[in-house]
Each structure stands twice: as C-alpha cells, then as structure tokens.
Amino acid sequence: MAEKTLNDLFYETLRDIYYAERKILKSLPKMARAAQSEKLKNAFQKHRDETEGQVERLQQVFEIIGKNARAKTCPAIDGIVEEAEEIMEDFKGTPALDAGLLAAAQAVEHYEISRYGTLATWARELGLKDVVKLLEQTLAEESKTDETLTKIAETAVNQAAQKKAA
Ligand SMILES: [Fe+2]
C-alpha cells in the first residue's frame, strides 16, 4: 500500500468540511426558526445563503484537484449540531434560548474556521494557489459571521444587564 501524503490528508479533510457545510445548510433554517431575536434570525438566514456559496466553492476545489466531491461523515459537526438541537428542545420558550443558540452557532463557526485555516495552509504548501483563494474567501465569511454573532451576544448580554439594573 502506498504511503499516504499531505495530498491525501488534504482530500480527506476537504471531504470532512464538505459534509459539515451540507449538514449546517440543513440546520441553519431550523435555528433561524427557533431564534427569538430578529437580529439572530436574520444572521442565521444570511449565513444559510452564504453557506450555499461555500458548498459551491468546495465543489470547485474538488474539481481543481481532480477528485470526486464525496462527503465523509464528520462526527465533530454531527455532535455540535446535536447539541444545538438539544438546546432548541430544552430551552424552548425560555429567555435563555437565544444565548444557547448563539453559543451553538459560534461552536459551528469555530470548527469551520479551524478547518478552513488548516486547509488553506495545506493548499499553500501544496502549491494550489487557486484553491487557497477559494478557501480564504470562505474563511473570511466564517470569521465575519463569528464577529456578527459576538456582537449580537454582547448586545443581548447588555440588554439583560440593563433590565437587571432597572
Ligand atoms: Fe460554512
């Protein structure tokens, strides 16, 4: 059996994030429906649309490297999404629901940022310039989403604090 290389690792990790993006694409509308704050609903909807583009970018990457776009089950994202579903169930109708959804969404973003950061580094090492560009575009979107979620979280926290002070 031939020794596995960084090329193989890159392909396997690409399949992992491809699975993750498609899973998130299905999960975001549910999270948008569950969210109580309009801001949070909008953020989830916007990111759902962005995620469609991210899936397409990954398909372009598979094409550039001449491999099949075949997803590989990613237990990490399955677990994160499962936890988000638990929060939706357990905190339904409570004031803490949005805080829980925010935390779950940020866990998703941080997972993706970690994956895309690694993939972009490997693509650079492998001399795949066009691939680096595509991955970095997505990485920038994920980071921006993470920042937006942080802002929403801080606003919500401030509001809660103000209520307490009043
Ligand atoms: Fe994504």
Side-chain angles (χ1 to χ4, degrees), residues 6-35 37-65 67-88 97-126 128-156:
L6 187 61
N7 272 303
D8 300 312
L9 193 57
F10 180 83
Y11 178 53
E12 292 304 315
T13 309
L14 200 63
R15 294 180 58 203
D16 170 290
I17 193 71
Y18 188 52
Y19 175 91
E21 291 290 14
R22 298 205 305 183
K23 179 99 185 184
I24 295 158
L25 197 56
K26 276 188 250 161
S27 171
L28 278 167
K30 283 185 220 163
M31 290 173 76
R33 271 197 301 275
S37 122
E38 278 308 306
K39 266 190 193 165
L40 190 55
K41 258 185 205 300
N42 291 341
F44 286 154
Q45 272 155 1
K46 185 181 168 219
H47 195 53
R48 196 218 77 95
D49 294 346
E50 266 174 2
T51 303
E52 266 186 350
Q54 295 176 349
V55 166
E56 278 166 26
R57 257 182 227 132
L58 287 174
Q59 288 163 347
Q60 287 178 49
V61 173
F62 281 115
E63 219 178 292
I64 292 171
I65 64 169
K67 299 257 193 180
N68 290 332
R70 249 179 56 224
K72 177 181 151 193
T73 306
C74 163
I77 204 71
D78 279 346
I80 293 172
V81 168
E82 205 179 297
E83 283 185 3
E85 278 165 8
E86 255 176 52
I87 287 166
M88 287 190 256
L97 176 65
D98 279 3
L101 287 174
L102 270 160
Q106 287 200 286
V108 169
E109 290 315 307
H110 289 196
Y111 179 74
E112 292 185 296
I113 288 167
S114 151
R115 280 299 187 225
Y116 280 109
T118 297
L119 282 167
T121 302
W122 287 345
R124 206 170 293 117
E125 282 169 30
L126 294 167
L128 301 165
K129 273 189 195 153
D130 293 343
V131 171
V132 172
K133 245 187 244 164
L134 288 165
L135 295 172
E136 281 183 344
Q137 273 173 27
T138 297
L139 184 57
E141 281 176 2
E142 308 292 18
S143 301
K144 186 115 193 292
T145 302
D146 185 42
E147 278 168 33
T148 304
L149 293 173
T150 299
K151 270 189 207 141
I152 296 173
E154 282 169 356
T155 316

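Order of listing sets the numbers, starting from 1, for every ligand and every atom in it.
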- Got a donor-acceptor contact below 3.5 angstrom from the Lys41 side chain to the Arg33 backbone?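 Side chain of Lys41 to backbone of Arg33, a donor-acceptor pair under 3.5 Å: yes, one is there.
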
(request) Please say whether the positively charged group of Arg15, taken as NZ for Lys or CZ for Arg, lies over the ring of Tyr19, i.e. under 6.0 angstrom from the six-membered ring centre and within 45 degrees of the axis. (result)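 The answer is no; the distance or angle limit is not met.
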
| said: Let me check your reading of the structure: within less than 2.8 Å of the Fe ion (ligand 1), is there an N/O/S atom from Glu21? | reply: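 A backbone or side-chain N, O or S atom of Glu21 is under 2.8 Å from the Fe ion (ligand 1).
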
Strictly under 2.8 Å, is the Fe ion (ligand 1) approached by any N, O or S atom of Gln54?
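Yes - counting backbone and side chain alike, Gln54 has an N, O or S atom under 2.8 Å.
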
#### Entry: Inter-residue atom distance Leu126.CG - Thr121.OG1, 0.5 Å rounding
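Leu126 atom CG to Thr121 atom OG1 measures 10.5 Å (nearest 0.5 Å).
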
Can you tell me how far the CG atom of Leu102 sits from the CD atom of Glu154, to the nearest 0.5 Å?
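Going from CG on Leu102 over to CD on Glu154, the span is 10.5 Å.
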
Legend entry - Angular separation of OE2 (Glu112) and OE2 (Glu142) seen from the Fe ion (ligand 1), to 10°: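 About 90° at the Fe ion (ligand 1).
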
